[in-house]
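What follows is a set of notes on a single structure, which appears directly below.
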Amino acid sequence: MSAGTVRIAKPTGEFVDVEVGTTVADALRALGERRVGEVIAAAVDEHLVDLSSSIGGGAVVRPVFSDSREGLEIIRHSTAHLMAHAVKRLFPETQVTIGPVIESGFYYDFKRERPFTPDDLERIEQVMQEIASANLAVERREVSKLEAIEFFRSVGEAYKVEIIEGIPDDRVSLYAQGDFTDLCRGPHVPSTGRLKAFKLTSVAGAYWRGSEKNEMLQRIYGTAFASPKELKAHLAMLEEAKRRDHRRLGRDLNLFSFHPEAPASPFFHPKGALVYNELVAYIRRLYDQFGYQEVLTPQVLDVDLWKRSGHYDNYRDNMYFTEADERAMAVKPMNCPSHCLLYGMATRSYRDLPMRLADFGRLHRYERSGVTAGLTRVRSFSQDDAHIFCTPDQIEGEVGRVIDMLFRTYDLFGFTERRIYLGTRPEKSTGSDAMWARAESTLTQVLQNRGITHELHAGDGAFYGPKIDFCILDAMRREWQLGTIQLDFSMPERFDLHYVNSAGEEERPVMIHRALLGSIERFMAILIEHCAGDFPLWLAPVQMRLVTVTEDQHAYAEDVLATLRAAGLRAEADLRKEKLGFKIREAELQKIPFVLVMGDKEVATRTVAPRRRGAGTLAPVGVAELIETAMTEIRPVMGGGVP
RNA sequence: GCUGGCGUAGCUCAACGGUAGAGCACCUGAUUUGUAAUCAGGCGGUUGUAGGUUCGAUUCCUAUCGCCAGCUCCA
């Protein structure tokens, strides 16, 4: 190896000597990289760089392909620049701010007096196409901060100046393509021609630096992929998400509705209420098995209670208030204060603990008008809420039991992909350092002992204690929070709760707030979208629909219907004078799990011809056998089923 | 709450300054039908609400309510 050369290697070990200053692209060629046309950037000693950057010393060079996650992010980031370039060309008075890559694409925030219209988006996309076709080289250069500030000031980009002023390094990098220059860490694709598949999706307002106090910018969202095929697949997925939207299915399946008279508060129709109540029934069965006691508590309580609990200070903006007998009252947004009253009404012994109080009480929370959405964020709802009062020594065991309940429940619904977050002490909090340290280490311990991988969300705990949040990924790979376990040392203090220990001394119990499904409303939304309206048999509002071929089978159908209902199945009969195909189509559109066809043949053999949704036509069976098939599926979840 | 978009028949959409139209749904009749749409006829709208401009408003303007996409928030 001569003085002017350096040794570069592939991650797999093969190496070659090249001149100092060789570009990364040439280095990859020298290493015999065959798919060089698909390489978009490279990692030099695992540090992402542009293909045009030069090699300064011996290094391991790994190509980054357009079809890798890293490559995709670079493409998206470069597409964000492409968009900013197009915007500046069309609307030169616009100022650029920031344009990061996000989960499903990218966005760029602009400062502009007039908001962008959907028409503008189309024009911007067109210009993006033009700039991409021109295949402009994307060139990086490093300059001093001062130089960069001077540059952006000269072109009137005040936000860029502000950003650079906040960067601690002495030098910053700029990327230029044609007449557009942007501040950026990089790396980027080598030229705009590498961007072949992108689409602008929406425009929305967004606050500068994410703060409500700052001015609002115009954000344009877009997405980009390595190939048009992948873009098409992504857009198809968005269509699928629309098809599964619980608001659409809720209407089509006649489950619930919303009315302007009670904004963001669902009205459940008979079928929706049935699903709702079956979910609650399932949770009640679980409570039986795990030693919970259900209570019922008032809807409207004296404001003094909420002052004592701390809600008045911390949660007032989200509460509804009223007055009766000249007393200030509040509609409950949570159940915990009521449960504290119940706990505190008698002297409790350590022998009474843990005491697990469950409550499906309806909660009302005033949510700001812009934040509500379908069933996922409502103002009136209930939770599978419970509070466990226990001794400090019991925390670990109780948390473990809740985790068992959680996982069993999520498995049942097919939510097998989970993400678990440990939220630790936030800036505003009550309680001693020692208490927090102990509580946090207890939760960590439980998770570790069970081998549950989790992420730390530092500072994300409640003000009264740390928590574990349980999220799932649905069929569309969207993340939703369902369950939560929160340790609370503050509420027992505020309500001066105690128990008498084995030595006869009074001690402070710990309170654990926990929910499995979270809000039932929200869970229903998630479940509907997850299963696209095809509820599991035990939850389906109508489990079986009888369909006759002609009027000759009506008597038999009534007979079978009575038998099915007596067995505890939710069945109905379609006796209309319509063609079979028509009736079946309607039953399928209603996503009814079993369609039971009966013509003269079935009457003669005392059978039904079942058609199972998703599985097609099955061989005719006797009614008793059909009931057994169905109950075999329902029993493990709901028990016997026969009333 | 903030920014933008949208509110026409139960649903999906059309008409966009000259007092609203289609398909499906619904109702009625005919058809007795074997695994995702039988045919015919009929009913159905003060175009979210309230003002304004205009000879005339579904269409333009203002306010308001609701919904949607984001932002912020989410014990």
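Here is how names work: the chains are called A, B, and so on, in the same order as the sequence lines, proteins then strands, and each is numbered from 1.
- Applying the side chain to side chain donor-acceptor pair (under 3.5 Å) rule to A/R377 yields the partners A/E367; only residues at least two apart in sequence or on another chain are considered.
- Between A/K577 atom NZ and B/U33 atom P the separation is 12 Å, expressed in whole Å.
- Nucleotides B/A63 and B/U3 place their P atoms 12 Å apart, quoted to the nearest Å.
- Put simply, CZ on A/R576 is 11 Å from P on B/U38, counting in whole angstrom units.
- Counting non-hydrogen atoms under 4.0 angstrom, A/Q218 reaches the backbone sugars and phosphates but no base.
- Taking only distance into account, the side chain of A/E602 meets the base of B/G34 through a donor-acceptor pair shorter than 3.5 Å.
- Counting distance only, with no hydrogens placed and no angle test, the side-chain atoms of A/Y207 and the base atoms of B/G70 include no donor-acceptor pair under 3.5 Å.
- With hydrogens and angles left out, the side chain of A/R377 and the base of B/C73 share a donor-acceptor pair within 3.5 Å.
- In this structure, the CG atom of A/N254 is 14 Å from the C1' atom of B/C26, given to the nearest Å.
- In this structure, A/K601 reaches the bases: a heavy-atom distance under 4.0 Å links it to at least one base atom across the strands shown.
- Computed from coordinates, the A/D245 CG to B/C11 P distance equals 16 Å when rounded to whole Å.
- Ring geometry for A/Y366 versus A/Y320: interplanar angle over 60°, hence perpendicular rather than tilted (30 to 60°).
- Separation of the C1' atoms belonging to B/U46 and B/C2 is 34 Å when rounded to the nearest angstrom.
- In this structure, A/R365 places its CZ atom 12 Å from P of B/C74, rounding to the nearest Å.
- Contact annotation: A/Y221 reaches the phosphate of B/C71 (side-chain N/O to OP1 or OP2, under 4.0 Å).
- Distance, A/Q486 CD to B/C74 P: 13 Å, rounded to whole Å.
- Within 3.5 Å, no donor on the side chain of A/R219 pairs with an acceptor on the base of B/U3, nor the reverse.
- Residues A/Y464 and A/Q486 bring a donor and an acceptor atom of their side chains to less than 3.5 Å of each other.
- Atom name C1', nucleotides B/U49 and B/A57: the rounded distance is 16 Å, in whole Å.
- Distances shown here put every side-chain N or O of A/R251 at or beyond 4.0 Å from the OP1 or OP2 atom of B/C67.
- Applying the side chain to side chain donor-acceptor pair (under 3.5 Å) test between A/R478 and each of A/H530, A/E529, A/E103 identifies A/E529 as the sole match.
- Computed from coordinates, the A/E113 CD to B/G4 P distance equals 12 Å when rounded to whole Å.
- Of the residues A/K583, A/R576, A/E578, the one that meets the side chain to side chain donor-acceptor pair (under 3.5 Å) test with A/T548 is A/K583.
- A close approach under 4.0 Å does occur between a side-chain nitrogen or oxygen of A/S369 and OP1 or OP2 of B/G1.
- Atom C1' of B/C26 sits at a distance of 8 Å from the matching atom of B/G10, rounded to the whole Å.
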